[in-house]
A.B. asks: 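Following this message is one structure expressed as structure tokens.
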Amino acid sequence: MPKAKGKSRRQKYSYNLNRKRLYRSARRRAAPRIACSHIRHAWDPTKSVAQNLAEMGLAEDPNKAVPIPKKKLLGMEVESAGRKQGKKIVRKPYVVNEMEYEASLPEKKSNTLSRDLIDYVRYMIQNHGENYKEMARDEKNYYQDTPKQIKRKINVYKNFYPEEYKDFIQSLKQEKMDVQ
């Protein structure tokens, strides 16, 4: 397959092009990356970052928003310069309200174990009980786990599914009672 025309030719460098100005204007036009959707929707690209955040009732600089109080120096109280800040007008209070509501929601527990690991642990407990050395010698121990590794996997299962583990142990005791 032949090469595309013009690709093998050497590109000429344009000495008359002011790349600094191009780079600066491209940086100015680029909007900041905003992770929070509430802020993204309320953002006004014609205003500066400080103006946008002030309108939403958010702080641009956390050090200025919550200043650290100065400690007493050698028994003398140091008074901070009395800077009086004018009241900022919050034109978009719904942004802060939505963010506070979202933060107050409880987190969902997303920790789960794989079905294979659960089946493996249940098989080992069902056939060997608490004998970890026997579990290590079992033919279903495909990954050649040591007794300590198997014990750790069983403890992880106990921590993730405590109710299920208790029910499983109860069912094993019932089976033993029925057999006897």
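Just so you know, these numbers come straight off a predicted model, no measurement behind them. Sequential numbering from 1 along the given sequence is applied to the chain's residues.
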A.B. asks: What are the two closest heavy atoms between Asp145 and Ala136, and how far apart are they?
C.D. replies: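 Closest pair (atom of Asp145, atom of Ala136, distance): O-CB, 3.7 Å.
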
A.B. asks: In Å, rounded to the nearest 0.5 Å, how long is the span from CD1 of Ile169 to CD of Glu164?
C.D. replies: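 The CD atom of Glu164 is 11.5 Å from CD1 of Ile169, to the nearest 0.5 Å.
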
A.B. asks: Find out whether Met135 and Asn127 are in side-chain contact, i.e. whether some heavy atom of one side chain is under 4.5 Å from a heavy atom of the other.
C.D. replies: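 No - every pair of side-chain heavy atoms lies 4.5 Å or more apart.
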
A.B. asks: Can a donor-acceptor pair be found, under 3.5 Å and without considering hydrogens, that links the side chain of Lys140 to the backbone of Tyr120?
C.D. replies: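 Flag not set: sc Lys140 to bb Tyr120 has no pair under 3.5 Å.
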
A.B. asks: When hydrophobic residues are tied together by side-chain contacts of less than 4.5 Å, even through go-betweens, does Val90 share a cluster with Leu53?
C.D. replies: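 No: no chain of side-chain contacts under 4.5 Å links Val90 to Leu53.
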
A.B. asks: Between Val121 and Met124, does the side chain to side chain contact (heavy atoms under 4.5 Å, CB included) criterion hold? Intermediate values first, please.
C.D. replies: CA-CA 5 Å; Val121 167; Met124 290 296 185; 5.9 Å; no

A.B. asks: In Å and rounded to the nearest 0.5 Å, what is the OG to NZ distance from Ser171 to Lys166?
C.D. replies: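 Output value for this atom pair is 14.5 Å.
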
A.B. asks: With a 4.5 Å limit on heavy-atom distance, are the side chains of Lys133 and Asn131 in contact?
C.D. replies: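 In contact.
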
A.B. asks: What I'd like to find out is whether the side chain of Phe160 reaches to under 4.5 Å of the side chain of Thr112, using heavy atoms alone.
C.D. replies: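 Side chain of Phe160 against side chain of Thr112, heavy atoms only: no contact under 4.5 Å found.
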
A.B. asks: State, to 0.1 Å, how close Leu113 and Tyr161 come at their nearest heavy-atom pair, and which atoms those are.
C.D. replies: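 Looking at all heavy atoms of both residues, the closest pair is N-OH, 3.3 Å.
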
A.B. asks: Quick check for you: to the nearest 0.5 Å, what is the distance between Asp178 atom CG and Lys173 atom NZ?
C.D. replies: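 Rounded to the nearest 0.5 Å, the CG-NZ separation comes to 14.0 Å.
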
A.B. asks: Checking side-chain polar atoms at under 3.5 Å, does Ser14 have a donor or acceptor matched by the opposite partner on Asn16?
C.D. replies: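 On atom types as modelled, these side chains do not qualify, holding no pair under 3.5 Å.
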
A.B. asks: State, to 0.1 Å, how close Cys36 and Met99 come at their nearest heavy-atom pair, and which atoms those are.
C.D. replies: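 Residues Cys36 and Met99, closest heavy atoms: SG-CG, 4.0 Å.
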
A.B. asks: Step through the shown structure and confirm whether more than 12 heavy atoms of other residues, nucleotides or ligands are within 6.0 Å of NZ on Lys151.
C.D. replies: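 Open: at most 12 neighbouring heavy atoms sit under 6.0 Å from NZ of Lys151.
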
A.B. asks: Apply side chain to side chain contact (heavy atoms under 4.5 Å, CB included) to Glu139 and Asn141, showing your working.
C.D. replies: CA-CA 5 Å; Glu139 63 184 16; Asn141 184 8; over 6 Å; no

A.B. asks: Counting only heavy atoms not in Arg40, do more than 12 sit closer than 6.0 Å to its CZ atom?
C.D. replies: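 Atom CZ in Arg40 is packed in, count exceeds 12.
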
A.B. asks: Looking at Thr146, is its backbone amide N or carbonyl O close enough to the side chain of Gln149 to form a donor-acceptor pair, meaning the two atoms are under 3.5 Å apart?
C.D. replies: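 Yes; at least one donor-acceptor contact below 3.5 Å.
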
A.B. asks: Among all residues two or more places apart in sequence or in another chain, which pass the ring pair (Phe, Tyr, Trp, His ring centres under 6.0 Å) test with Tyr13?
C.D. replies: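 Ring pair (Phe, Tyr, Trp, His ring centres under 6.0 Å) check on Tyr13 returns Tyr15.
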
A.B. asks: For a quick test of reading the model, state the closest non-hydrogen atom pair linking Met56 to Val96 and the distance between them.
C.D. replies: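 Answer, listing the atom of Met56 first, then Val96: O-CG2, 3.0 Å.
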
A.B. asks: Please report the C-alpha distance between Tyr157 and Leu117 in whole Å, then the side-chain angles of each, then the deciding distance to 0.1 Å, and finally whether the side chain to side chain contact (heavy atoms under 4.5 Å, CB included) criterion is met.
C.D. replies: CA-CA 8 Å; Tyr157 175 69; Leu117 182 64; over 6 Å; no

A.B. asks: Should Glu134 and Asp138 be marked as a side chain to side chain contact (heavy atoms under 4.5 Å, CB included) after you check the CA-CA gap, both sets of side-chain angles, and the distance that decides it?
C.D. replies: CA-CA 6 Å; Glu134 225 175 274; Asp138 193 293; over 6 Å; no

A.B. asks: Once salt bridge (charged side-chain N to carboxylate O under 4.0 Å, His left out) is applied, do any residues pair with Asp119, and if so which ones, sequence neighbours excluded?
C.D. replies: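 Here the qualifying residues are Arg115.
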
A.B. asks: Side-chain contact, heavy-atom cut-off 4.5 Å: Lys153 with Val156?
C.D. replies: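 When only atoms from C-beta onward are counted, Val156 and Lys153 do not touch, as no gap falls below 4.5 Å.
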
A.B. asks: Less than 3.5 Å apart, any donor N or O on the side chain of Glu130 or Tyr132 sitting next to an acceptor on the other?
C.D. replies: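 Distance-only check passes for Glu130 and Tyr132.
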
A.B. asks: How far does OG of Ser48 sit from CD of Glu60, to the nearest 0.5 angstrom?
C.D. replies: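 With rounding to 0.5 Å, OG (Ser48) is 7.5 Å from CD (Glu60).
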
A.B. asks: For Asn52 versus Lys47, what's the shortest heavy-atom pair and its separation?
C.D. replies: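 Minimum heavy-atom separation between Asn52 and Lys47: ND2-O, 3.4 Å.
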
A.B. asks: If you round to the nearest 0.5 Å, how far is CD1 of Ile118 from CZ of Phe168?
C.D. replies: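 The CD1 atom of Ile118 is 11.5 Å from CZ of Phe168, to the nearest 0.5 Å.
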
A.B. asks: Applying side chain to side chain contact (heavy atoms under 4.5 Å, CB included), name anything that partners Asp61, two or more places apart in sequence or on another chain.
C.D. replies: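 By the side chain to side chain contact (heavy atoms under 4.5 Å, CB included) rule, Asp61 matches Asn63, Lys64.
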
A.B. asks: Are side-chain heavy atoms of Asn97 and Tyr101 found at a separation under 4.5 Å?
C.D. replies: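 No - every pair of side-chain heavy atoms lies 4.5 Å or more apart.
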
A.B. asks: What do the steps show when you test Thr46 against Asp44 for side chain to side chain donor-acceptor pair (under 3.5 Å), and what is the final call?
C.D. replies: CA-CA 6 Å; Thr46 60; Asp44 185 3; 2.9 Å; yes

A.B. asks: Mind checking the CZ-CG spacing from Arg122 to Leu172? Nearest 0.5 Å is all I need.
C.D. replies: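 Here the rounded value is 8.5 Å.
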
